[in-house]
Amino acid sequence: MDTSWPHLPIRRKPTLQLDADDTPMGMNMNVVLTGKETVVLEDRPIPEIGPNDVLVKVMSTGICGTDLTYYLKGGVGSRVIHKPLVLGHESSGIVYKCGKNVTDVLPGDRVAMEPALPCRTCRFCRAGQFNYCARDKYFATPPTDGSLCQWYALPSVNAVKIPNNLSWEEAGCIQPLAIAVQIARRAGSLTHKSVAVFGCGPLGLLCMAVAKACGASKVIAFDIDQGRIDFAKKYAATDGFVSPRRPQNLETTIMEWNDKVSHDMLVELGVDGGLDVVLECSGAEPALQLGISLLRPGGTFVAAGMGAPMTSFPTLEMAAKELDIRGSLRYTTGCFEDGIDLLERGLVNLKPLISKTYPLSKTEDAFKARKVAQGTSEIKIVIMNQE
Ligand SMILES: [Zn+2]
Ligand SMILES: [Zn+2]
């Protein structure tokens with residue numbers, strides 16, 4: 001009998017050796033949002049796992065704008081919390097227990113936790129586009145609880161191994177890096193391209209780092225704050241502009257004003273005919289309009305910023321320049337692995353982005369600090385889940 005196919009998964013040593021007394025026990029503190037600007041710490045049972053699941057001891061969780069919006073408004077858009085919700089969707093940890101069917105990860109493995117829980121059977125999931133899944137669940141999106149807790153059970157396919165030399169602080173920022181990888185994928189090849197990134201928050205900065213790692217010839221940062229531009233230029237951008245404020249009483253049309261501003265910028269950059277790619281991470285209408293104006297004919301615009309749901313869009317210019325306008329939603333298959341590969345090879349560095357860490361027990365302080373720091377150079381807060 002030919003047993004050469006299918007290959008059995010290679011059994012290997014786990015990343016960490018667990019001590020005999022490392023069995024899951026004790027507290028499982030969860031950060032639960034109960035209403036606007038109200039979170040409580042709640043000790044919940046350590047979750048049971050199914051045959052295809054792993055139990056993860058959660059070590060770190062990044063806090064992003066979505067978490068802050070949930071905290072401040074009690075929901076994001078139509079996703080309003082009707083019952084208490086555990087926050088957190090940017091986590092990493094150590095696998096402690098594996099279901100009986102799990103072969104690809106072992107207890108002791110250090111893993112990043114993918115927060116999307118797609119159905120894997122609908123037409124989009126079957127086509128590999130699980131970010132379109134109509135029945136998907138996602139960490140910290142009602143009614144699915146998030147991972148700002150100490151123990152979390154998830155399908156083993158959602159546990160992506162991370163290298164040993166990555167600190168837990170950095171590991172708490174892998175999810176936004178995966179989102180940036182997806183945005184870059186949506187733009188197509190960035191090699192030798194001039195790439196503008198609007199918005200110098202964590203996601204914009206990660207897009208710049210990914211564009212640079214992918215071989216972009218220029219990475220141009222745009223923001224309304226000079227401090228954030230300065231940071232972006234130190235981090236990954238080759239150039240940067242504070243987006244000029246449009247005068248209240250324009251003597252020309254908005255399009256003519258954008259053309260003049262973008263022309264001056266292109267002259268300063270020494271780029272003939274316009275930029276190749278715009279990655280829009282601010283969600284601001286003026287940024288969208290200036291971005292379209294900066295693009296060369298045949299250029300690509302990726303809309304990733306979640307701003308106002310309805311904006312005024314330069315349709316004529318889009319048609320006349322044959323622009324490719326694309327959206328970007330969450331992440332897809334392999335984005336975590338690609339992000340981790342960039343980290344492992346030293347092409348992206350997450351350390352400069354981490355402003356501060358807080359223990360899980362002080363998560364509310366982190367939200368309050370993040371609220372005050374909105375729009376400043378304060379970049380990324382990471383919660384240490386076991387502290
Ligand atoms: Zn996030
Ligand atoms: Zn699906």
Side-chain angles (χ1 to χ4, degrees), residues 31 33 39 52 58 60-73 75-77 79 81 85-93 112-142 144-149 152 154-155 157-158 160 169-183 199-207 209-210 281-283 304-307 328-333 335-336 339 350 353-358 363 366-367 369-371 373-374 378-383 385:
V31 176
L33 179 72
V39 293
N52 300 312
V58 189
S60 59
T61 303
I63 298 291
C64 78
T66 306
D67 299 298
L68 188 68
T69 307
Y70 270 113
Y71 174 72
L72 294 176
K73 298 184 175 167
V76 173
R79 292 175 160 144
I81 63 156
L85 180 77
V86 181
L87 294 171
H89 59 273
E90 303 181 357
S91 294
S92 285
M113 297 157 69
E114 288 197 15
L117 303 163
C119 75
R120 301 195 187 273
T121 56
C122 75
R123 59 175 283 212
F124 302 115
C125 284
R126 292 206 314 274
Q129 299 164 317
F130 65 69
N131 55 336
Y132 303 162
C133 176
R135 293 190 287 266
D136 88 322
K137 296 174 180 166
Y138 202 88
F139 287 20
T141 304
T144 306
D145 279 328
S147 51
L148 260 175
C149 59
Y152 200 87
L154 76 166
V157 70
N158 284 55
V160 187
E169 287 85 346
E170 294 164 271
C173 304
I174 292 173
Q175 189 265 3
L177 176 58
I179 306 283
V181 167
Q182 170 69 5
I183 293 168
C200 294
L203 186 58
L205 291 165
L206 288 169
C207 283
V210 173
C281 299
S282 76
M306 299 291 175
S328 187
L329 176 66
R330 292 178 175 167
Y331 66 93
T332 49
T333 310
C335 286
F336 267 70
L350 295 173
L353 301 188
I354 300 164
S355 321
K356 201 164 179 196
T357 62
Y358 286 79
T363 301
F367 280 121
R370 187 71 169 68
K371 178 185 171 185
Q374 277 187 93
E378 181 94 357
I379 306 292
K380 189 82 187 164
I381 286 172
V382 177
I383 304 293
N385 296 52

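Model, not experiment: these values are computed from the prediction. When a ligand or atom number is given, it counts from 1 through the structure's own listing order.
The aromatic rings of Tyr138 and His89 are tilted relative to each other, their planes meeting at an angle between 30° and 60°. Note on ring orientation: taking the six-membered ring where Trp is involved, the planes of Tyr152 and Phe139 are tilted (angle from 30° to 60°).
For an aromatic pair to be called close, the ring centres must be under 6.0 Å apart, and Tyr331 with Phe130 satisfies this.
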Begin with the C-alpha distance, continue with both residues' side-chain angles, and end with the deciding distance and a verdict on salt bridge (charged side-chain N to carboxylate O under 4.0 Å, His left out) for Lys137 and Asp145.
-> CA-CA 10 Å; Lys137 296 174 180 166; Asp145 279 328; over 6 Å; no
Start with the C-alpha distance between Glu90 and Lys380, add both sets of side-chain angles, then the distance that settles salt bridge (charged side-chain N to carboxylate O under 4.0 Å, His left out), and finish with yes or no.
-> CA-CA 12 Å; Glu90 303 181 357; Lys380 189 82 187 164; 2.7 Å; yes
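With 3.5 Å as the limit, one finds no donor-acceptor pair spanning the side chains of Asn131 and Thr332. Side-chain atoms of Glu169 and Thr357 form no donor-acceptor pair, as typed in the model, at a separation below 3.5 Å.
Residue-environment remark: CZ (Arg330) exceeds the threshold of 12 foreign heavy atoms within 6.0 Å.
For the Zn ion (ligand 1), protein N/O/S neighbours under 2.8 Å (waters excluded) are Cys64 SG, His89 NE2, Glu90 OE2. Distances from the Zn ion (ligand 2) under 2.8 Å pick out these protein N/O/S atoms: Cys119 SG, Cys122 SG, Cys125 SG, Cys133 SG.
Taking all atoms of both residues into account, the shortest heavy-atom contact from Val382 to Gly172 is CG1-CA, 4.4 Å.
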